[in-house]
Amino acid sequence: MGDTKQLDFSHLAGLYVWAAEQYGDMPAFGYRVDAKKWQPLTFAGLAERGRHLATGLIDLGLVERGHLGLFSDNRVEWILSDCATHFAGAANVPRGSDVTDKELAFILVHAGIRLAIVEDVTMEQRVHEIASEKELSVYTIVMEGEPKAKASCSMSAVEERGKRLLADGDQAVAQRMERLKPEHLFTLIYTSGTTGRPKGVMLTHANMVSQIRNIPLHLTWRDRVLSLLPVWHIYERVFEMITIHAGACTYYSNPRLLARDLLAVEPSFMGSAPRLWETLHDRILKNVAHSHPVRRGLFHIAHWLSRHYHRSLFYLKGYDYRTHPPVAWKRNLGCVWYGLCWFLLLPWYGFFNVAVLERIRQVAGGSMKATISGGGALPEHIDRFFNNMGITVLEGYGLTETSPVLAVRTLTHRVIGTVGPLIPETEIRIVDVDSGDILYPDAKDENAGRMRKGEIQVRGPQVMKGYYRDSTMTGMVLSEDGWFRTGDLGLINGNDCLKVLGRSKETIVLSSGENVEPGPIESLLRQSPLIDNCMVVGQDERHLGVLVVPAEDADETDPKPDTTISDEQLEAEVRQLISGENGFRPYERIRVLRKLPEPFEVGKEITNLFKLRRHVIEEKYRDLIDEMFNTQRK
Amino acid sequence: MEIERELLSVVHQALLAIMILIIMFGMGASLTLKEFRLVLERPRGVLIGFLSQFGLMPLLAFGLAKLLDLPPALAVAIVLIGCLPGGSTSNMFAYFARGSVALSISMTAASTLMALFMMPLLLNFYAGGFAEQVAASAAAGGKDTTFVIPYLNIIYSLLLVLIPVGAGMILKKISPGWAKAAEDTASFMGIIVILFLMGAVIIRHGGLFLRTPATIYLASIGIGASGFLFGYGMSTLFRLPPRYSRTISLETGIQNGPIALAVILLSFTGPYLNQMLWLAILYSAFIVMTSSFITLFYRRIGTYDWEVYRNECVHRRLFGDDYVAPIPVQDAERHAE
């Protein structure tokens with residue numbers, strides 16, 4: 001693969017040192033000091049201060065390969081702390097200010113944190129309160145403000161101390177960096193679990209270095225990267241590392257100041273989430289609706305032209321969504337047709353692109369070359385809208401467990417509706433959820449197993465070492481030969497790009513963000529004499545709904561669902577069973593119900609172990625489910 | 001090439017006049033007095049631009065007329081095109097060619113004002129000879145028409161064209177929202193007017209495209225193309241930064257087509273009017289294509305210096321006016337040039 005980069009380091013401490021040598025006094029990070037003024041931190045300055053801080057941390061008792069708590073939102077001290085962690089040969093355990101007390105307590109105990117860098121006094125107090133409650137001894141280092149607790153000091157004091165020690169010839173950092181290995185952990189990230197406790201994802205230097213090497217993103221020192229998403233999340237963090245490697249400057253922003261910072265920084269790249277594009281999409285359409293009638297008219301012409309122009313262009317470049325590899329003659333015919341369309345549209349599109357769309361693009365700063373959207377599915381119409389407007393939104397896919405990028409659309413592989421091809425060094429297989437058969441790759445199939453839907457499993461250098469102190473969970477997702485079960489459903493399409501279709505795990509996520517386990521609800525409902533079988537649905541909806549197979553009619557010889565059971569009877573039954581008295585939370589109550597005309601069949605809707613094949617049922621009754629929630633909405 | 005009928009009917013001429021009015025009004029709506037003041041703040045760029053627009057371009061036009069041995073009336077027309085001020089379309093192209101929009105606007109503003117006395121002056125200098133030839137051949141042919149360049153009429157028509165520009169500027173002051181709409185409408189009208197003229201000519205004189213000799217096509221394409229080339233060369237010789245060179249190049253090659261049409265329609269008469277008009281229409285049509293290509297080319301070759309420049313701008317904006325970031329070792333050579 002031509003997209004792999006040659007790197008001169010094998011761990012992240014090496015990256016910071018290499019970047020300092022390579023880029024020296026160029027700005028590495030820009031951060032706000034007041035409303036209009038920003039301050040740069042250079043690559044050399046970052047490494048130097050990182051070395052001071054690391055020496056100070058070691059002096060405070062940070063042990064080699066120990067776990068350093070890092071509880072802060074995006075700010076320049078964060079990256080300094082990260083740099084210092086690696087220089088001290090340790091791993092950090094990061095979380096932002098939105099961490100709940102329960103999670104924080106779990107993390108402090110589970111990761112065995114003795115030393116933590118915290119953003120401010122509020123976080124300091126939270127950590128100490130939990131520590132005293134759990135009888136832990138935790139020493140905190142505060143980034144901003146005067147520390148209040150006894151076992152606490154300011155970050156500048158630690159840097160000062162480290163600087164003096166270094167001047168006196170302290171060799172601790174040099175020795176630890178010498179002993180640092182690629183297979184050592186660089187971070188331990190606790191994912192907020194939907195059910196049960198958080199899991200500590202162990203990521204190694206080798207994991208992250210492989211991402212820098214393989215993510216097909218070609219930034220240069222002339223790029224400007226806006227940091228917006230939470231930096232403790234691996235997704236934002238990987239872009240910060242790539243940006244350091246490229247010698248470009250990262251500018252710390254936050255969602256509140258985004259609109260202003262986009263104009264001030266004119267970023268050429270940023271990591272983004274679907275939410276941002278939905279917001280910008282709404283803002284653009286609102287602006288258009290409120291603009292002068294002439295301009296509104298021009299916008300609609302421009303939008304129409306750009307849509308058709310891009311459809312032709314994408315076809316010619318081979319970015320059209322395919323289910324099979326193309327047949328030569330059909331493809332050639334298509335090329336002639338779209339080539340003609342492209343040629344006819346070009347001058348018109350060119351003009352409107354200049355006169356109208358360029359102004360639309362200014363909402364993103366005007367210099368954006370590309371952005372990668374991740375962390376959730378980007379609605380296809382939003383995706384298309386921005387790509388037609390000339391803002392290259394690329395969608396990527398990955399999990400914390402895979403450091404995180406597995407697949408991403410690239411500038412030369414922009415198939416909308418997919419998350420692009422796999423990145424180099426990464427293997428994929430699509431596995432049948434029930435039988436465990438490998439559906440893709442399949443040499444026997446004429447389409448090589450493409451377009452078959454199943455669980456996405458991957459293997460590659462970015463896959464985590466495992467969950468920290470949780471071999472049972474690790475064993476469930478990570479096979480001995482290195483395959484990781486993502487728990488997501490997907491398929492490989494005719495462009496050899498990955499399309500993600502949803503979760504294969506049972507958890508239903510409501511639009512409010514509440515996670516519901518359907519299992520307990522269903523098993524209780526099945527105990528009812530009126531109900532033969534049922535399935536709870538409601539992914540991305542506001543409430544839960546249920547599909548019910550009524551109990552069999554005992555009088556018939558050929559068992560069929562009893563037609564005499566009315567909807568009202570069933571609704572009353574469900575309401576009574578799934579109630580607060582039976583221990584269900586308000587969002588777990590079922591609001592809508594539909595009777596199914598026929599029972600579930602073994603081998604079709606249910607497995608031979610009588611487990612529901614949820615995606616099969618969902619597909620079969622798609623219209624019924626949609627109708628059920630649509631009526632509810634009205 | 002004889003054009004026996006009027007090239008444009010009275011109705012067409014009236015429509016054209018309205019379109020020109022809209023375009024010039026929109027051009028005014030994109031300008032403020034500040035742009036004229038800003039000229040003084042970047043005198044070097046504007047001065048070299050001025051030399052290029054009013055020094056180089058008429059000379060190129062004259063040279064082209066001689067080289068292609070154009071009929072005298074057409075020679076007058078090509079020199080006239082060479083002496084025109086810049087139009088507001090060049091601002092848009094400058095933006096996309098990663099040039100300096102500010103310089104482009106300053107040059108447009110300055111040259112439009114300067115044209116009032118530069119155009120008659122330059123026409124007299126370069127086209128005087130051609131005009132005498134026209135008159136002489138007309139006399140020899142026994143016709144009683146005379147051909148003189150109507151300098152006063154040209155000044156009047158320029159002033160007339162400047163009235164909507166002034167009105168546009170006033171609108172910008174009163175209502176920026178409407179001004180923006182006027183600007184957009186004008187830029188759209190710029191394309192429409194060319195299509196309209198081509199359409200009108202095809203309907204009235206279907207065979208004219210075929211009867212037009214190659215030299216006229218060459219002249220109408222060549223005048224813009226050579227303006228781009230020599231404009232770029234000259235500003236590079238003066239060691240202007242690449243993005244200024246790109247701007248001046250486009251500003252030199254792209255002339256204000258609507259002014260050419262207005263001046264020709266208002267100042268000349270008789271059979272020569274048709275020939276001159278035809279050349280101006282051809283120029284307006286071809287310049288859109290050539291400048292699109294050159295813009296794409298500039299955009300590509302300008303990527304590097306543009307990125308460096310934008311980075312410097314953002315650094316100065318955020319980190320303070322005196323902030324200078326060093327260039328990495330691997331690129332130092334490129335910057336030493």
Side-chain angles (χ1 to χ4, degrees), chain A residues 19 21-28 30-33 36-44 219-224 226 246-249 251-252 261 263-268 290-299 301-302 346-348 350-356 358-359 365-367 369, chain B residues 22 26 88-89 91-98 101 175-192 194-195 285 288-289 291-293 295-296 299 303-320 323-331 334:
Chain A
E21 283 168 6
Q22 196 80 10
Y23 304 120
D25 290 329
M26 289 166 59
Y31 56 100
R32 207 182 267 288
V33 277
K36 285 221 163 137
K37 191 110 181 60
W38 293 59
Q39 191 84 46
L41 174 67
T42 66
F43 286 95
L219 298 179
T220 72
W221 62 272
R222 302 175 298 281
D223 280 300
R224 293 175 298 282
L226 200 68
C249 186
Y251 297 84
Y252 280 119
D261 288 348
L263 299 180
V265 173
E266 294 177 26
S268 57
H290 284 124
S291 67
H292 196 277
V294 176
R295 299 192 64 194
R296 206 181 316 155
L298 290 176
F299 172 81
I301 300 172
L346 179 67
W348 301 97
F351 170 75
F352 278 93
N353 181 32
V354 173
V356 182
E358 182 63 17
R359 253 182 231 142
S367 289
K369 285 184 203 160
Chain B
I22 294 172
S88 51
T89 30
N91 307 345
M92 213 158 63
F93 282 109
Y95 179 86
F96 269 82
R98 303 184 202 274
V101 178
S175 160
W178 276 95
K180 208 89 193 128
E183 202 186 325
D184 285 347
T185 315
S187 54
F188 186 56
M189 199 55 80
I191 296 277
I192 294 292
I194 292 166
L195 290 171
V288 177
M289 294 175 221
S291 47
S292 299
F293 280 112
T295 297
L296 284 177
R299 197 176 164 75
T303 307
Y304 183 89
D305 78 79
W306 177 253
E307 284 181 0
V308 173
Y309 167 71
R310 279 329 295 169
N311 225 3
E312 283 168 3
C313 288
V314 172
H315 285 167
R316 275 199 300 272
R317 184 190 305 152
L318 300 180
F319 303 147
Y323 183 84
V324 180
I327 302 293
V329 201
Q330 74 261 27
D331 283 35
R334 195 164 182 169

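Atoms considered below: every heavy atom in the structure, side chains included; atoms not considered: hydrogens, waters and symmetry mates. If you're wondering where the values come from, they're calculated on a predicted model, not measured in any experiment. A, B, ... follow the sequence lines: proteins, then strands. Residue 1 opens every chain.
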**OP:** Kindly indicate, with the supporting measurements, whether the criterion side chain to side chain donor-acceptor pair (under 3.5 Å) is fulfilled by A/Y252 and A/D261.
**Re:** CA-CA 9 Å; A/Y252 280 119; A/D261 288 348; over 6 Å; no
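- The part of B/F96 that comes within reach of chain A is its side chain, from C-beta onward, which places non-hydrogen atoms under 4.5 angstrom from that chain.
- When atom types are taken as modelled, the side chain of B/T295 and the backbone of B/A97 share no donor-acceptor pair closer than 3.5 angstrom.
- Neither the backbone nor the side chain of B/E312 comes within contact range of chain A; no heavy atom of the residue lies under 4.5 Å from a heavy atom of that chain.
- Within 6.0 Å of CZ in B/F293 there are 12 or fewer heavy atoms belonging to other residues, nucleotides or ligands.
- Ranked by non-hydrogen atom pairs under 4.5 Å with chain A, the options B/C313, B/P326, B/A325 are led by B/P326.
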Subject >> Worked check of salt bridge (Lys or Arg N to Asp or Glu O under 4.0 Å) between B/R98 and B/E307 >> reply: CA-CA 9 Å; B/R98 303 184 202 274; B/E307 284 181 0; over 6 Å; no
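- Each of A/E358, A/K36, A/K37 has some count of heavy-atom pairs under 4.5 Å with chain B, and the biggest count is that of A/E358.
- There is no contact between B/F93 and chain A, counting heavy-atom distances below 4.5 Å.
- Proximity to chain B (any heavy atom under 4.5 Å) is shown, for A/L346, by neither the backbone nor the side chain.
- Between the CZ atom of A/R224 and the OG atom of A/S367 there is a distance of 5.0 Å, given to the nearest 0.5 Å.
- Neither the backbone nor the side chain of B/L296 has a heavy atom closer than 4.5 Å to any heavy atom of chain A.
- Of the listed residues B/M289, B/H315, B/E183, B/R310, the one with more heavy-atom pairs under 4.5 angstrom with chain A than any other is B/R310.
- For A/R32, no part lies under 4.5 angstrom from a heavy atom of chain B.
- At least one donor-acceptor pair under 3.5 Å links the side chain of A/D223 to the backbone N or O of A/T220.
- For the atom pair B/N311 CG and A/W221 CH2, the distance stands at 6.5 Å (nearest 0.5 Å).
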